[in-house]
J.: 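Next up is a structure, given as structure tokens.
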Amino acid sequence: MKNDLNIKHKLGLGTAPLGNMFRDVPEEEAMKTIQSAWNEGIRYFDTAPFYGAGLAEIRLGEILSAYNRDEYLLSSKVGRIVLDEMEEKEGLFEYGRKNKIKTDYTEEGTLRSIEDSLKRLKTDRLDMVYVHDISPDFLGDEWVTKFDEARNGAFKVLDRLRDEGVIKAWGLGVNTTTPIEVALELEEAHPDLSLSATQYTLLQHERALERMMPLAEKSGGGLVIGSAFNSGALLGGDHFDYQKITPEIKARVDKFNEVALNHGVKLKDAALQFSTAHPAVKAVVTGSTRPDRIKEDLQALKANIPGDFWKELVERGLVSARAPIPKK
């Protein structure tokens, strides 16, 4: 079923960092970041229960609840339920809330997850819902079993909610391409908008171009792209796809920087324009805890990038010749 979402600027705020990903973000800093996004005209916000065990949703709800609900689009995710039981945390969200999280892709779990998210977000509805991390990077070999659980649970519920007009669209929110490809080819479920993080970026896009992008375009729905900077790797950060960056990835980033320097281009500008250039892409969501970054991202989408920059990237094998190149 084709969705007709029109996302302003083709840019949204991703809130994983606001769930205290990698560090303890002061409340004031988080609030200023969300408020800055609103003030700069951002009207699409993406979140998830997993981000700090509900912390990102709570922070987002504090700001957005002051505005007319019809003025913005809001997406969250299902597949994990935040429990009252506490535990010590480690990994991505060790600085988040201590609530234990249960993985659950069943019909009952999906409905409970949505209900809990609505409470934390202080809202009466979600526009888009993504089935979260039903993917080998989080679940290992068990992902196939969990995918089957979702196919008989979450997928059916979300299909029904969309067809009833309760939500506008649904799909998967994952960091690998295969689950989205499999879901788009199912006969009994009809995802129409998925969130693909890390997979269609300047640094990493060959695999996505093979099947995911064509299938998403053919479905008539599309994709939202997350982590366009591959967890900050492209901008000189210490992480790549939510893990510590490797020397090999650093060397590849150096090559991009060399080309960018040749043409006076900022890699942030190129990354955002590249990810939004594909016709299957409805928007890119960028995450930050710095209020001034939102303005930077909006300016990046408008920056003038010479055609020779893209030409050199293709000639050096850094960008696929099959990838749609941004046009100005």
Side-chain angles (χ1 to χ4, degrees), residues 14-31 34 45-65 74-126 128-158 161 167 170 172-175 179 195 197 226 239 242-243 287 289:
T15 62
L18 300 174
N20 285 1
M21 185 169 70
F22 299 133
R23 71 183 183 97
D24 189 359
V25 180
E27 193 74 6
E28 183 182 5
E29 188 179 333
M31 296 295 113
I34 301 167
F45 301 86
D46 175 69
T47 190
F50 184 53
Y51 301 159
L55 180 60
E57 289 185 320
I58 290 168
R59 286 172 162 173
L60 194 57
E62 283 298 313
I63 299 295
L64 294 186
S65 59
L74 181 60
S75 60
S76 193
K77 304 180 183 74
V78 297
R80 293 189 178 96
I81 295 171
V82 180
L83 304 176
D84 292 332
E85 183 183 345
M86 300 294 172
E87 65 177 0
E88 284 304 308
K89 296 285 183 174
E90 59 181 22
L92 284 179
F93 294 103
E94 65 176 293
Y95 299 105
R97 297 165 79 218
K98 301 298 184 184
N99 300 67
K100 193 171 183 178
I101 292 178
K102 175 186 175 185
T103 300
D104 189 334
Y105 296 101
T106 65
E107 177 177 356
E108 182 183 1
T110 298
L111 291 171
R112 177 179 169 183
S113 179
I114 292 173
E115 184 179 342
D116 290 349
S117 288
L118 293 177
K119 290 175 184 174
R120 288 188 291 266
L121 287 161
K122 296 184 177 181
T123 187
D124 63 351
R125 68 186 186 276
L126 297 172
M128 297 91 88
V129 177
Y130 304 119
V131 183
H132 205 191
D133 289 334
I134 189 164
S135 176
D137 60 318
F138 270 94
L139 299 170
D141 293 339
E142 194 187 3
W143 88 267
V144 176
T145 303
K146 287 297 183 182
F147 189 95
D148 198 52
E149 180 179 286
R151 186 171 59 84
N152 292 295
F155 293 4
K156 289 183 177 179
V157 174
L158 296 174
L161 292 177
I167 60 176
W170 75 272
L172 277 62
V174 291
N175 306 323
L195 196 161
H239 295 87
Y242 310 109
Q243 305 293 326
T289 58

J.: Whether Lys119 and Glu57 form a salt bridge (side-chain N of Lys/Arg under 4.0 Å from carboxylate O of Asp/Glu) is what I want to check.
T.: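 No, Glu57 and Lys119 are not salt-bridged.
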J.: Work out which heavy atom in Ile134 is nearest to a heavy atom in Ala150; give both atom names and the distance.
T.: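 Looks like CD1-CB, 3.3 Å.
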J.: Before giving the answer on ring-ring contact (aromatic ring centres under 6.0 Å, His included), spell out for Phe147 and Phe155 the whole-Å C-alpha distance, their side-chain angles and the decisive distance to 0.1 Å.
T.: CA-CA 10 Å; Phe147 189 95; Phe155 293 4; 5.4 Å; yes
J.: To the nearest 0.5 angstrom, please state how far the NE2 atom of His239 sits from the CE atom of Met21.
T.: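 Going from NE2 on His239 over to CE on Met21, the span is 8.5 Å.
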J.: Rounded to the nearest 0.5 Å, what's the gap from OG1 on Thr123 to CG on Leu60? Could you check?
T.: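 Rounded to the nearest 0.5 Å, the OG1-CG separation comes to 10.0 Å.
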J.: I need the Ile63 CD1 to Lys122 NZ distance, nearest 0.5 Å.
T.: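 So the CD1 of Ile63 and the NZ of Lys122 are separated by 10.0 Å.
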J.: Side chains of His132 and Pro49: does their closest heavy-atom pair fall under 4.5 Å?
T.: no
J.: Testing Asn99, Ile101, Asn20 one by one against Lys89 for a side chain to side chain contact (heavy atoms under 4.5 Å, CB included), which residue passes?
T.: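 Going through the options one by one, the only one that passes is Ile101.
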J.: Under the criterion ring pair (Phe, Tyr, Trp, His ring centres under 6.0 Å), which of Tyr130, Tyr242, Phe93 is the partner of Phe50?
T.: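 Only one of Tyr130, Tyr242, Phe93 forms a ring pair (Phe, Tyr, Trp, His ring centres under 6.0 Å) with Phe50, namely Phe93.
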J.: Given side chains that start at C-beta, do those of Leu161 and Trp170 come closer than 4.5 Å, heavy atoms only?
T.: no
J.: Look at atom CD of Glu87 and say whether more than 12 heavy atoms of other residues, nucleotides or ligands are closer to it than 6.0 Å.
T.: yes
J.: Is it true that atom CG of Asp141 has more than 12 heavy atoms of other residues, nucleotides or ligands lying nearer than 6.0 Å?
T.: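 No.
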J.: Distance check, rounded to the nearest 0.5 Å: Asp24 atom CG versus Glu94 atom CD?
T.: 10.0 Å
J.: Can you confirm whether Lys100 is buried at NZ, in the sense that more than 12 heavy atoms of other residues, nucleotides or ligands lie under 6.0 Å from that atom?
T.: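 Open: at most 12 neighbouring heavy atoms sit under 6.0 Å from NZ of Lys100.
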J.: Say whether, by atom type as modelled, one donor and one acceptor occur between the side chain of Arg59 and the main chain of Ala30 under 3.5 angstrom.
T.: no
J.: Supply the atom-to-atom distance Tyr105 OH to Glu149 CD, rounded to the nearest 0.5 angstrom.
T.: 8.5 Å
J.: Using every non-hydrogen atom in the two residues, find where Pro17 and Val25 come nearest and quote the distance to one decimal.
T.: O-CG2, 3.7 Å
J.: Do you see a donor-acceptor pair shorter than 3.5 Å between the side chains of Thr47 and Arg120?
T.: no
J.: What distance separates Leu139 CG from Thr145 OG1, expressed to the nearest 0.5 Å?
T.: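 That separation rounds to 9.5 Å.
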J.: Using a strict cut-off of less than 4.0 Å between a Lys/Arg side-chain nitrogen and an Asp/Glu carboxylate oxygen, indicate whether Arg112 and Asp104 qualify as a salt bridge.
T.: no
